[in-house]
Amino acid sequence: MPELPEVEIVKQSLKKSIKYKKIQKVIVYNRNLRFKVANNFEKILKNEIITEVSRFSKYIILHFKNENYCIIHLGMTGTFHLIENLKKKKNTNLSFYQSTTLPKKHNHIKIIFKNFKIIYNDPRRFGFFEIIDDKKKLDSYFQKKGPEPLSKKFNYKYLKNRLSNKKKNIKNLLLDQNFVSGIGNIYANEILFYSQINPRKSGFKIKDAEIRDIVKYSKLVLKLAIKHGGSTIRDFKNMKGSYGSFQKKFKIYGREGKNCTRNKCDGTICKIYQTNRSSFFCILCQK
DNA sequence: CCGTTAACCTGAGAGC
DNA sequence: TGCTCTCAGGTTAACG
């Protein structure tokens, strides 16, 4: 589910509701997420004040007053739900999947504040919560990752340098979080469509003008997706609301067999698999 | 160093 | 109605 734009949307709504708030109590119903939730997780968070909610790549970071940090990853299916204690206005949702009711299954963590609580739901349990106990460890955690596509570090010079010796195809390079951090399968496909590059093309074969396009369109597509509230793919028929709408703007993802959406292009969109991930591209205009 | 594969999980949807 | 199969927005350990 969540690539950089979706995580950014979740971060924004989390921030709005929990920044400067004090955690009263934490309940962990299931510790078996991607990494086991620490046994002292509840104890560490209890009575802590959240001083900031930030994001790097697909990670959300809660900052606490005592200089502890909590790194959160949503995996494929992690969502947060805000439940207010008010009688009139309950079940307000702050998740990426908009819902009017809380799912019954797979609620793993509950964080209780004075007038509301947030619940972490994750059917596949690929997400995780990890406590980091000082700033240096936090920094080194992210230093190993590639630059954020929206940051200034992700520029022509960086890409030119890194691509020159890469035999690997550009699609898998964009998905490699140590190469660039935050792009997932949907946006990798979209970025390559905008840049008119075949996903099978080797890194070292990418031309200078194409490198500039990848930089340009990575930023453009991700920003546009954030503007539209991210993408909601699965159609939750029983749930109301429509937080993410960028799926309506997809140019290439999930459009196999259809005509190319590029102006004046007569190509057909085809689907292939690269390292078990689906790739979509136009056979005519992506060279 | 490189690239590939399987593994971690559940649920939706297709096909029979 | 139900079985079996494939696929899904992500990451990473293990292998050759």
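Basis for what follows: all heavy atoms, side chains included, without hydrogens, waters or symmetry-related copies. Labels below follow one simple rule: chain letters A, B, ... track the order of the sequence lines, proteins then strands, and each chain is numbered from 1.
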- Name the closest nucleotide to the Lys167(A) side chain, picking from dT12(C), dG3(B), dG9(C). dG3(B)

- Message: Measure NZ/Lys171(A) against P/dG9(C) and give the value in whole Å, please.
- Response: 8 Å

- Message: Return whichever of Asn276(A) or Lys168(A) has its heavy-atom-nearest nucleotide of DNA chain B closer to the 5' end.
- Response: Lys168(A)

- side chain to side chain contact (heavy atoms under 4.5 Å, CB included), paired with Leu4(A), selected from Ile183(A), Ile9(A), Leu150(A): Leu150(A)

- Taking atom C1' in both dG9(C) and dT4(B), what distance in whole Å separates the two? 22 Å

- Lys249(A) NZ to dG9(C) C1', in whole Å, measures 20 Å

- Task: Would you indicate, yes or no, if dT11(C) has its OP1 or OP2 atom less than 4.0 angstrom from a side-chain nitrogen or oxygen of Gln177(A)?
- Result: yes

- Message: Just the rounded figure in Å: distance from C1' of dT11(C) to CD1 of Ile72(A).
- Response: 17 Å

- Query: How is the base pairing of DNA chain C summarised as a dot-bracket string, given the Watson-Crick and G-U wobble criteria with both distances under 3.5 Å, [ ] for crossing and | for another strand?
  - Reply: .|||||||.|||||||

- Message: If the cut-off is 4.0 Å, is Ser57(A) near the phosphate of dG10(C), judged by side-chain N/O to OP1 or OP2?
- Response: no

- Task: Would you tell me if any nitrogen or oxygen in the side chain of Lys58(A) comes within less than 4.0 Å of OP1 or OP2 on dT11(C)?
- Result: yes

- Note on the structure: Comparing Lys166(A) with Thr275(A), nearest DNA chain B nucleotide closer to 5' gives the residue Lys166(A)

- Query: Atom CZ of Arg200(A) and atom P of dG3(B): how far apart are they, to the nearest Å?
  - Reply: 17 Å

- Message: With the stacking rule set at 5.5 Å and 30°, tell me whether Phe126(A) counts as stacking on dT11(C).
- Response: no

- Where the side chain of Pro123(A) is defined as all heavy atoms beyond and including C-beta, which of dT12(C), dG10(C), dG11(B) is the nearest nucleotide? dG11(B)

- Message: Considering every strand and a 4.0 Å limit on heavy-atom distances, what is the contact class for Phe246(A): base, sugar-phosphate, or nothing?
- Response: nothing

- Pairing of Arg55(A) and Glu148(A) as salt bridge, 4.0 angstrom limit: yes

- Please state how far atom CG in Leu74(A) lies from atom C1' in dC9(B), giving the value in whole angstrom units. 16 Å

- Message: Over all strands shown, is Tyr273(A) touching base, sugar-phosphate only, or nothing at heavy-atom distances under 4.0 angstrom?
- Response: sugar-phosphate

- Between dA8(C), dG10(C), dG3(B), which nucleotide has the shortest distance from any of its atoms to the side chain of Lys271(A)? dA8(C)

- Message: For dT10(B) and Thr77(A) - does any side-chain N or O of the residue sit under 4.0 Å from the phosphate oxygens OP1/OP2?
- Response: no

- Message: Between Glu42(A) (side chain only) and Val26(A) (backbone N and O only), is there a donor and an acceptor less than 3.5 Å apart?
- Response: no

- Query: With a 4.5 Å limit on heavy-atom distance, are the side chains of Pro199(A) and Gln274(A) in contact?
  - Reply: yes

- Item | Min side-chain heavy-atom separation Tyr59(A)-Phe128(A) under 4.5 Å | yes

- Task: Please report the C-alpha distance between Gln196(A) and Asp213(A) in whole Å, then the side-chain angles of each, then the deciding distance to 0.1 Å, and finally whether the side chain to side chain donor-acceptor pair (under 3.5 Å) criterion is met.
- Result: CA-CA 9 Å; Gln196(A) 300 193 49; Asp213(A) 278 344; over 6 Å; no

- Task: Would you state whether a donor and an acceptor, one from the side chain of Arg125(A) and one from the base of dC9(B), lie under 3.5 Å apart?
- Result: no

- Note on the structure: Atom CG of Asn178(A) and atom P of dT12(C) are separated, to the nearest Å, by 8 Å

- Note on the structure: For Ile132(A) and Leu138(A), the nearest pair of non-hydrogen atoms, with its separation, is CG2-N, 3.6 Å

- Message: Tell me whether the count of non-hydrogen atoms from other residues, nucleotides or ligands lying under 6.0 Å of CG in Asn40(A) goes above 12.
- Response: yes

- Measure the distance from NZ on Lys36(A) to P on dC9(B) and round it to the nearest whole Å. 13 Å

- Query: Are His73(A) and dT11(C) close enough that a side-chain N or O sits under 4.0 Å from OP1 or OP2?
  - Reply: yes

- Task: Return the value, rounded to whole Å, for the distance between atom CZ of Phe280(A) and atom P of dC7(C).
- Result: 11 Å

- Query: Hey, does the side chain of Arg124(A) come within less than 4.0 Å of dG9(C)'s phosphate (OP1/OP2), counting only N and O?
  - Reply: no

- Kindly indicate, with the supporting measurements, whether the criterion ring-ring contact (aromatic ring centres under 6.0 Å, His included) is fulfilled by His108(A) and Tyr29(A). CA-CA 5 Å; His108(A) 306 310; Tyr29(A) 299 101; 8.7 Å; no

- Taking the six-membered ring of Phe179(A) as reference, does the NZ or CZ atom of Arg162(A) fall below 6.0 Å from its centre and within a 45° cone about the axis? no

- Under 3.5 Å, is there a donor-acceptor pair between the Asn185(A) and Tyr253(A) side chains? no

- Residues from residues 104-111 of chain A sitting under 4.0 Å of DNA chain B, heavy atoms only? Lys105(A), His106(A)

- Query: dC9(B) and dC3(C): how far apart are their P atoms, nearest whole angstrom?
  - Reply: 24 Å

